[in-house]
There are 2 protein chains.
Amino acid sequence: MADLVYRRVLHDLKSRIHDNQFPDKRLPDERSLSEAYNVSRSSIKRALSVLANQGIIFKKRGSGTFINPLYMKNQTIFHYEGSNLGITDSFKSDGKTQGIKLLDFKVVPANEEMQQDLFLEKGEFVYEIQRLRLFDDQPFMIERGFIPIRIVPELSQKVVSGSIFNYLEDEQNKVVTKSFMTVKAAPSNAEDQELLGLKPTEPVAIMEGIFFLDDGTPFEVSNMRLRYDYFNYNTFVTLDEE
Amino acid sequence: MADLVYRRVLHDLKSRIHDNQFPDKRLPDERSLSEAYNVSRSSIKRALSVLANQGIIFKKRGSGTFINPLYMKNQTIFHYEGSNLGITDSFKSDGKTQGIKLLDFKVVPANEEMQQDLFLEKGEFVYEIQRLRLFDDQPFMIERGFIPIRIVPELSQKVVSGSIFNYLEDEQNKVVTKSFMTVKAAPSNAEDQELLGLKPTEPVAIMEGIFFLDDGTPFEVSNMRLRYDYFNYNTFVTLDEE
DNA sequence: TTCGTAAATTGATACGGTCCAATTAATGAA
DNA sequence: TTCATTAATTGGACCGTATCAATTTACGAA
């Protein structure tokens, strides 16, 4: 994992920043870093650009590279969400229990849209998994997921009643590292109201999208409808692309 | 702006993707692109990596580069993509007009929370700006923003009736490049229903957060309430870096 | 000293090369 | 045909170089 050059530099710089080893809030220039770490300047640039994307440093051409004072000063503002992809890990369970109730689990032929999204051949099959997520016995989310059987031919009802991502990582050595999601809001329908215990005036938040394995394989198409009061999405957006 | 090689490639590829010039959802390999555009492979890689970061494409080593099938599926107008921070630039305005109706514009003392968020001293003042955003004469968003007068002492009613970010960039040479936002959903209140023309069962999407200048200065605290059917937030999350 | 100009510093862009790793396509033996 | 092996394809990581652009520092004349 960390056997990449730029990652080694990245992690080292990060920990040095946290250790306050740059009290003047300024990093050495790229050419010096290149020499000091004995790596090419390109690799230094790559490491620095990741730090910049995370809002930890910012660079000023002609001037130098500086540590974002806000990063150290006010951690709460800069805390990242979007660092957990799976649902199971995305909730701070302060002693509370989270549960999964399996609503439906079957195998169906992939329709055309699914074939496109999941890169399937005509006639391939997918699992259709419908689950109700509970947090401290309160249902808060209806989840409808589609997974190609080709990728995990051995999915069982038992597995599907727990965290699929954890199963994948622990048992199959497959890791989900990317997702492309769309977030929106909508009025709740009858099913939402019944399963999630909502009044007609209360909406749901909808997250839908695709999860990818770390090699880029599209793994799951998912549609989630959440109680609006349980949903909250945080992002840190930067325009310094790359 | 677009006189950069990788940006030229980036924009060209993006528009070709939008034009559906890759019906097999697959891009040419990097080496071919390098030849075709007559630029180095590094520049191709850079352009592609931006597209990948925006979730528009994804790459599979040994296999090729593919277009994210979800990317073009969502046709809501307010398409917050993480590539534009300001609202004004976030529309696809296909000849449609977008408008701003100024609801309120005043100077108030910053409350405690505001002081924290914007790093103000006790007793400092902020502009409070309430605006109604229209798209083709249809109101779709109520925007309530707070900006420290210290940063832009000369804000006028005229400026505030247009794009503040554009004004900053054009006249003040200040650029907003980062934001930390929270997205959620909520039932519409009476004001929402009146201003946005919603039924009581129809919700709003709420985006609130802080915008930062490129030197890290917190610039604006904003709260936006949007018609749910005009809102759509796309995010592409990766776990790689850290 | 003061102030404008030149030089040095420092990050940004771009090139093109080497080698590696994952995947796919081609090949050939059974 | 089938299937394992080999070759070709394709993206990933890194290197080192050249040149440019913004900023800061040093310098020298008034």
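Naming convention: chains lettered A, B, ... in sequence-line order (proteins, then strands); numbering from 1 in each chain. Hydrogens, waters and symmetry mates are skipped; everything else that's a heavy atom, side chains included, is used. Just so you know, these numbers come straight off a predicted model, no measurement behind them.
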*Within the pair B:R46 and C:dT13, is there a side-chain N or O less than 4.0 Å away from OP1 or OP2?*
yes
*Please work out if A:S42 contacts a base, only the sugar-phosphate, or nothing of the nucleic acid, heavy-atom cut-off 4.0 Å.*
base
*Please give, in whole Å, the distance from C:dT9 P to A:L33 CG?*
16 Å
_Check this one for me: any side-chain N or O of B:K60 less than 4.0 Å away from OP1 or OP2 of C:dT23?_
no
_First encountered from the 5' end of DNA chain D, between B:P28 and A:S43_ = B:P28
*Under a 4.0 Å N-O cut-off, is there an ion pair linking A:D12 with A:R8?*
no
*Around atom CD of B:Q157, are there more than 12 heavy atoms of other residues, nucleotides or ligands at under 6.0 Å?*
no
*Please round to the nearest 0.5 Å and tell me the distance separating atom CZ of B:F231 and atom NZ of A:K184.*
11.0 Å
*Kindly point out which of D:dC14, C:dT13, D:dG12 is positioned nearest to the side chain of B:K45?*
D:dG12
*Phosphate oxygens OP1/OP2 of D:dG11: is one of them under 4.0 Å from a side-chain N or O of B:S63?*
no
*Nearest-angstrom distance from the residue atom CZ of B:R8 to P of C:dT13*: 15 Å
*Would you please classify the geometry between the B:F165 ring and the B:F211 ring as parallel, tilted or perpendicular, with 30° and 60° separating the classes?*
perpendicular
_Can you measure A:R61 atom CZ to D:dT19 atom P for me and round it to whole angstrom units?_
17 Å
*Would you mind reading off the distance between A:R31 atom CZ and C:dT13 atom P, rounded to a whole angstrom?*
14 Å
*In whole angstrom, give the distance that lies between atom CG of A:L4 and atom C1' of D:dG12.*
9 Å
*asked:* My understanding is that only residues two or more places apart in sequence, or in another chain, count here; which of them pass ring-ring contact (aromatic ring centres under 6.0 Å, His included) with B:F22?
replied: none
*Just how far, in rounded Å, is P of D:dC14 from CG of A:L10?*
11 Å
*Is the distance from OP1 or OP2 of C:dC15 to the nearest side-chain N or O of B:R41 less than 4.0 Å?*
no
*If each of B:S40 and A:D29 is mapped to the nucleotide of DNA chain C with the nearest heavy atom, which maps nearer the 5' terminus, i.e. the 5' end?*
A:D29
*Rounded distance in Å - CZ (A:F58) to P (D:dT23)*: 13 Å
*Select from A:E30 and B:G62 the residue whose nearest nucleotide in DNA chain C is closer to the 5' end of that strand.*
A:E30
*Value in whole Å for how far the P atom of D:dT23 lies from CZ of A:R26*: 14 Å
_Below the 4.0 Å mark, does C:dT10 have OP1 or OP2 next to a side-chain nitrogen or oxygen of A:T65?_
no
